[in-house]
Amino acid sequence: MNEDVLAKGYEPHEVERKWYQHWEANGSFAAREEDDAPAYSIVIPPPNVTGVLHMGHALNITMQDILCRYRRLRGDNVLWMPGTDHAGIATQNVVERKLAEEGTDRHALGREKFIEAVWSWRKEYGSAIINQLKRLGASCDWPRERFTMDSGLSQAVRKVFVQLYEEGLIYRGDYIINWCHRCHTALADLEVEHEEVDGHLYHIRYPYVGAEGDIVVATTRPETMLGDTAVAINPDDERYAGLTAAQVTLPLMGRTIPIIRDSYVDLEFGTGALKVTPAHDPNDFEIGRRHELPSIKVIGDDGNMTEEAGHFAGMDRFACREAVVAALREEGLLVKIEPLKHSVGHCYRCKTVVEPNLSTQWFVKVKPLAQKAIQAVEDGRTTIIPATWTQTYYDWMDNIRDWCISRQIWWGHQIPAWTCEACGETIVAMEDPTTCPHCGDNRLTRETDVLDTWFSSALWPFSTMGWPEQTKLLKTFYPTSTLVTGFDILFFWVARMMMMGLHFMGDVPFRDVYVHALVRDEHGKKMSKSKGNVIDPLNVIDVYGTDAFRFTLTAFAAQGRDIKMSEKRVEGYRNFINKLWNAARFALMHLTKPVDLARREQLSVPDRWILSRLRRLIEDTGRALDDYRFNDAAATLYQFVWHEFCDWYLEAIKPALYGNQGDDRQQATLGTLYRVLHDTLILLHPIIPFVTEEIWEKLPGTRGDIMRAAFPADAAGATDIIEDPAAETAMQLIMDVITGIRNIRGEMNIAPAMKLNVTVQTDDADIRRQLNDHQDLVANLARLEQMVVAPVGAKPRAAATSVIEGATLFVSLEGIIDFAQEAARLTKEIGKIDNELATLNKKLGNEDFLNKAPAAVVEKVKRQQAAFSEKRETLETHLARIEALAS
RNA sequence: GGGCGGGUAGCUCAGUUGGGAGAGCAUCGGCCUUACAAGCCGAGGGUCACAGGUUCAAGCCCUGUUCCGCCCACCA
């Protein structure tokens, strides 16, 4: 006996710090560039350098870490590629805020100095998120950490840009884009969040030119009327069938603009007349193109009205709206204002209302790239899990529009394009040009825009492995095995990686895409700072430990369902970690040295039973992790450790452990205990790495770290542990007897300390033999004075009764039995059986069931019916006796 | 407007080829029984949203209804 191997309760923090440091120092997370073992690789979804760890990261990282640790146990050569994203707009905003606090701004600094300031910000704060990932236990290959702005990745970005440009897949053009006045940049369609708001629909009178009367148009943004260049009506609109006027006068501006006919106009909406502002509405822009209308930009990039806005020039766009409405009212041209719910676009970074705006931007022509990305999923080269996301992926890819990739900010990859001031030639090249290849002039100006952050993220699976160099790493690990990500960036990131990977590597970037849920608060609401419902993962870790937190996330990570997180749940799994710890503590008191698994003949029934259960656990856990059913793996392990290993096995072996020291039986039990704990720790390790490593170290005879141990069965499932149905049946009988007695004890309010006398009657000689063989075990767990096993015969006089499968239990309660209570208990029990019998009898009374159901099913129902009938009969008999005795 | 997911015990959720409704937490009763009170033993609790259909048999498959959540969309 060794009492002091483990402390009485598990204290996570020091253990976590110690082991993480140890693993990192030993290079335990390192991938081998070339190896005979199967390669398994994951690229991390790079968190923003500005990021702080939130629940989404915690879930995402935990799932990846489980997969990586599991594959290592399976013997794979694992690469988990870490890194961070430069997050153009987000990072620029952060640094700009810092500058504002210092009383300056980026314009005062100038572009070069500003970028220096961002780099130094990154140097100082950029590793915060990485350190937080480490606290989660993330087993990334840290020395390979990359950054989307580092020189290698920048080289990859440049090569991709140049090649796509040369292939005609990148072009520059004048289009309506989404403009954020706060961030002062264009946004891609995806970066605009639409939100329903209460607005107004303004009806405005536009007088006809050369005819009496006017036409009424409706708009939600009256200030844009200043830039109107036409009024459109549907050619099929009968209301305007007799219209003779061809032009109207634009109010406030006095401009004459044409009335055009375009089938885009909805007959149902408003007045059926649409004001057309090509510079400030994407639909109007298209109409303008069809009818060759001029575009007049009245809202500037700074959010103020331009010179084109007449005497409204210089006003803020929202102030201008008020002013325009007032002016129209004064002129009697405002017909009415109706309330209207409509959706308004907001910047996904700063929530400012975005303005559709005409400008010159760079675009990627995505249709041809998307086609290949669709094909790759259709033919199974990439599998999306759960499959429900596949259709969403197709829908998005089918309806994809060109991707606006230029941003008018400074932090990011500057677009490698130059314009020749002499001849206007555009030059896009790998090397910075000095002269124009067209005219030879040396006055070249570089494009000031930078690329959308997601442009570099799209290259992540191969740029991080050294592309465009043909590296060993790429050869070994591309395509990656699995991408683990939230669905919120399925389009931003996953779809674009698919397109770029297929185009530049000629193969998919990943075999599997595992799309996990969103973590919400305990009421199912999205966590947000403004709602104040954010749970900080680091705080949870501080209170309950990383393993408890990871187990919680895993247990709730059912596919296709959001996770509602509350600290209360973490507490439950913290208790589980502690339970495991104490089970190990108990085991280690008896395991002072490693003990081999004994031959099967030497094993007791509980030994054979727990090994049989372990065998199934090994299979189930492996299968669950192979299929990304993380919650199933967690639930299976939880059930086994707590309710089979602790509740039954450890209790069952106490007589053997405290009995004759050193005999064969005890050695066989110690060997089993050792093996079960040993293997279970390995199975648990991917989910709860720290506590398992700590226990593993204390387990005698273990060499090296558990994170480098071998999974208890090989890839084919082979192991020396076998299923043992006979042992499971025997153990079930023993457990049934014990549970039956405990049930009577509980229901009859008999003190646990009181030792009972029990008679078990059965005509089944095997059952009698089994029970006699386990007298000590039953007596110990059911707290018996004596158990008499006999054929069916005379019944004990004052006894409570329970019927189990194959036998009847009599708990002698001479002198203490409350007959009325026992009668009530039996009556209740009979009632339950009657319910069961009712459904069974109904089935057996149904001709169709007997004829059409499979024979095995019918047999099963018949067996059940017979068993319940017999049980009922026995209980009826005893109820009659008890009632007789009571009176 | 289009699409997706969900409605199972008081709460949060499992339920994988259709065949006796489960877990954790919470509740109630009893226990410091030589690993663990962060524990042990026992108990109660559900018309599986509603209505039809297929089937011998439906939480599971089909149709419709309803409520909740999410995503997409160029609804002035």
Side-chain angles (χ1 to χ4, degrees), chain A residues 1 3 6 8-10 176 189-190 194 201 217-221 224 232 264-266 268-271 273-277 281-286 340 342-343 356 388-389 391-392 395-396 399 401 487-488 490-491 518 520 522 524-526 544 548 555-556 558 560-564 566 568-569 571-590 627 629 631-632 635 638-639 643 646-647 650-651 654 658 739 742-747 749-753 780-781 783 836 839-840 843 846-854 856-858 860-861 864 868:
Chain A
M1 288 278 284
E3 303 267 357
L6 298 186
K8 203 169 172 184
Y10 176 58
I176 284 277
D189 294 337
L190 266 181
H194 291 271
L201 190 61
V217 299
T219 180
T220 52
R221 294 184 299 151
T224 63
Y264 166 78
V265 181
D266 185 352
E268 307 296 320
F269 193 91
T271 60
L274 170 71
K275 61 188 272 310
V276 182
T277 323
D281 184 279
N283 296 310
D284 293 6
F285 179 77
E286 292 300 325
L340 181 76
H342 63 134
S343 79
T388 47
W389 289 104
Q391 194 55 47
T392 313
D395 289 347
W396 192 77
N399 300 314
R401 300 204 314 175
F487 61 79
D488 47 336
L490 196 61
F491 305 135
L518 229 56
R520 299 173 175 280
E522 58 187 314
K525 300 278 183 227
K526 208 167 176 172
Y544 300 103
F556 282 95
R561 197 156 185 157
D562 286 347
I563 296 175
K564 292 178 194 162
S566 79
K568 190 85 188 152
R569 313 238 167 84
E571 189 179 328
Y573 289 109
R574 186 270 316 265
N575 294 353
F576 172 71
I577 304 294
N578 195 54
K579 185 75 177 176
L580 172 69
W581 177 262
N582 275 293
R585 179 167 182 259
F586 173 77
L588 292 174
M589 285 176 182
H590 300 276
D627 297 345
R629 288 179 290 111
N631 59 319
D632 282 346
Y638 182 101
Q639 167 69 22
H643 298 302
C646 291
D647 285 353
L650 292 186
E651 295 303 326
K654 279 179 181 172
Y658 292 105
T739 303
R742 282 173 175 173
N743 180 297
I744 288 170
R745 194 192 281 277
E747 300 232 324
N749 292 320
I750 300 163
N780 203 47
L781 292 187
R783 306 205 139 231
E836 300 285 352
T839 54
L840 292 171
K843 279 187 183 180
N846 183 341
E847 284 289 322
D848 285 331
F849 174 72
L850 296 174
N851 294 332
K852 295 182 182 172
V857 174
V858 175
K860 195 172 164 189
V861 172
Q864 287 172 341
F868 276 117

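Every chain is numbered from 1 and lettered A, B, ... according to where its sequence line falls, protein lines coming before strand lines.
- Shown here for A:A583 and A:L650, the closest heavy-atom pair between the two residues is CB-CD1, 3.8 Å.
- For A:L650, whose side chain is taken as the heavy atoms from C-beta onward, the closest listed nucleotide among B:C72, B:G3, B:A35 is B:A35.
- Looking at every heavy atom in both residues, A:T271 comes nearest to A:V217 through OG1-CA, 3.9 Å.
- Between A:I750 and A:I744 the shortest heavy-atom distance is CD1-O, 4.4 Å.
- Counting to the nearest Å, the C1' atom of B:A43 and the CD1 atom of A:I744 are 14 Å from each other.
- The gap from the C1' atom of B:G42 to that of B:A58 amounts to 34 Å, rounded to the nearest Å.
- Looking at which nucleotide of RNA chain B each of A:R574 and A:K568 is closest to, the 5′-most match is held by A:K568.
- A:E651 contributes a side-chain N or O that forms a donor-acceptor pair with the base of B:A35 under 3.5 Å.
- As a whole-Å value, the separation of A:F576 CZ from B:C40 P is 12 Å.
- Side-chain proximity of A:R783 to the nucleotides B:G29, B:U33, B:G3 is greatest for B:U33.
- With rounding to whole Å, A:K8 atom NZ is found 12 Å from B:A38 atom C1'.
- Regarding contacts with the backbone of B:G19, every side-chain N or O of A:K843 stays at 4.0 angstrom or more from both OP1 and OP2.
- Considering only side-chain N and O atoms, A:H643 lies under 4.0 angstrom from the phosphate OP1 or OP2 of B:G24.
- When heavy atoms are screened at a 4.0 angstrom cut-off, A:F556 is found touching the sugar-phosphate backbone but no base atom.
- Across B:C72 and B:U63, the matching P atoms stand 27 Å from one another, rounded to whole Å.
- In this structure, CG on A:D284 lies 7.5 Å from OH on A:Y264, to the nearest 0.5 angstrom.
- Of the P atoms belonging to B:C31 and B:A49, the separation is 41 Å, rounded to the nearest Å.
- Taking atom CZ on A:R221 and atom C1' on B:A76, their separation rounds to 9 Å, with Å as the unit.
- For A:D647, the listed nucleotide lying nearest its side chain is B:C41; candidates were B:A35, B:C41, B:G42.
- Counting any heavy atom pair closer than 4.0 Å across all strands shown, A:N749 reaches sugar-phosphate atoms only and no base atom.
- Within 4.0 Å of A:F868, counting heavy atoms only, lies at least one base atom of the nucleic acid.
- Comparing A:Q391 and A:A232, the nucleotide of RNA chain B nearest to each residue sits closer to the 5' end for A:Q391.
- Side-chain nitrogen and oxygen atoms of A:N575 include none within less than 4.0 Å of the OP1 or OP2 phosphate oxygen of B:C36.
- For B:C40, one of the phosphate oxygens OP1 or OP2 lies less than 4.0 angstrom from a side-chain nitrogen or oxygen of A:K579.
- As rounded to whole Å, 10 Å separates atom C1' of B:C4 from atom CG of A:D395.
- Both tests hold for A:K654 against A:F586: distance to the six-membered ring centre under 6.0 Å, angle to the ring axis within 45°.
- Straight-line distance between the C1' atoms of B:C11 and B:C71: roughly 28 Å, to the nearest whole Å.
- Not less than 6.0 angstrom separates the ring centroid of A:Y544 from the ring centroid of A:Y573.
- In this entry B:G69 has B:C4 as its Watson-Crick or G-U wobble partner, both defining distances falling under 3.5 Å.
- Listed candidates were B:G19, B:G3, B:C70. Nearest to the side chain of A:F487 is B:C70.
- Taking atom P in both B:G53 and B:G59, the straight-line distance is 15 Å, to the nearest Å.
- The two residues A:R745 and A:P752 come nearest to each other via the heavy atoms NH1-O, 3.4 Å.
- In this structure, A:L490 and A:W389 approach most closely via the heavy-atom pair CD2-CE3, 3.8 Å.
- In this structure, A:D266 reaches the bases: a heavy-atom distance under 4.0 Å links it to at least one base atom across the strands shown.
- Distances were taken from every side-chain heavy atom of A:V265 (C-beta onward) to each of B:C72, B:G5, B:A76; the shortest belongs to B:A76.
- The side chain of A:E747 lies closest to B:G42, out of B:C56, B:U12, B:G42.
- No engagement by A:P356 is indicated, since no non-hydrogen atom pair under 4.0 Å with the nucleic acid exists.
- In this structure B:A9 sits in no base pair that meets the Watson-Crick or G-U test at under 3.5 Å.
- Using N1 to N3 plus N6-O4 or O6-N4 for Watson-Crick, or N1-O2 and O6-N3 for G-U wobble, each under 3.5 Å, B:G42 pairs with B:C28.
- Put simply, CZ on A:R569 is 13 Å from C1' on B:A14, counting in whole angstrom units.
- Comparing atom distances between the A:Y638 side chain and each of B:C56, B:G24, B:U12 picks out B:G24 as nearest.
- Atom pair A:F586:CZ and B:C40:C1' shows a separation of 14 Å (rounding to whole Å applied).
- With hydrogens and angles left out, the side-chain atoms of A:Q391 and A:D395 include a donor and acceptor closer than 3.5 Å.
- Residue-level contact check: A:A853 touches the bases, meaning some heavy atom is under 4.0 Å from a base atom.
- Taking atom P in both B:A21 and B:A26, one finds a spacing of 27 Å when rounded to whole Å.
- Pairing for B:G18 is absent, judged as Watson-Crick or G-U wobble with the two contacts each under 3.5 Å.
- For A:N743 and B:C41, the CG to C1' distance is 11 Å, given to the nearest whole Å.
- A:T220 comes within 4.0 angstrom of the backbone, heavy atoms only, and of no base.
- A:T392 and A:T388 get closest at one heavy-atom pair: OG1-O, 3.8 Å.
- If you check B:G20, B:C36, B:A35 against the side chain of A:A583, the one that comes closest is B:A35.
- Proximity of A:K654 to the phosphate of B:A35: a side-chain N or O atom is located under 4.0 Å from OP1 or OP2.
- Across all strands, A:A273 comes closer than 4.0 Å to base atoms (heavy-atom distances).
- Counting only heavy atoms from C-beta on, A:R585 has its side chain closest to B:A35 among B:A38, B:A76, B:A35.
- OP1 or OP2 of B:U12 has not a single side-chain nitrogen or oxygen of A:Y573 nearer than 4.0 Å.
- Taking atom C1' on both nucleotides, B:G3 is separated from B:U8 by 26 Å, rounded to a whole Å.
- The side chain of A:E836 lies closest to B:G20, out of B:G19, B:G20, B:G5.
- Between B:C36 and B:G29, the distance separating the two C1' atoms is 22 Å to the nearest Å.
- The partner of B:C61 is B:G53, judged by Watson-Crick or G-U wobble contacts that both fall below 3.5 Å.
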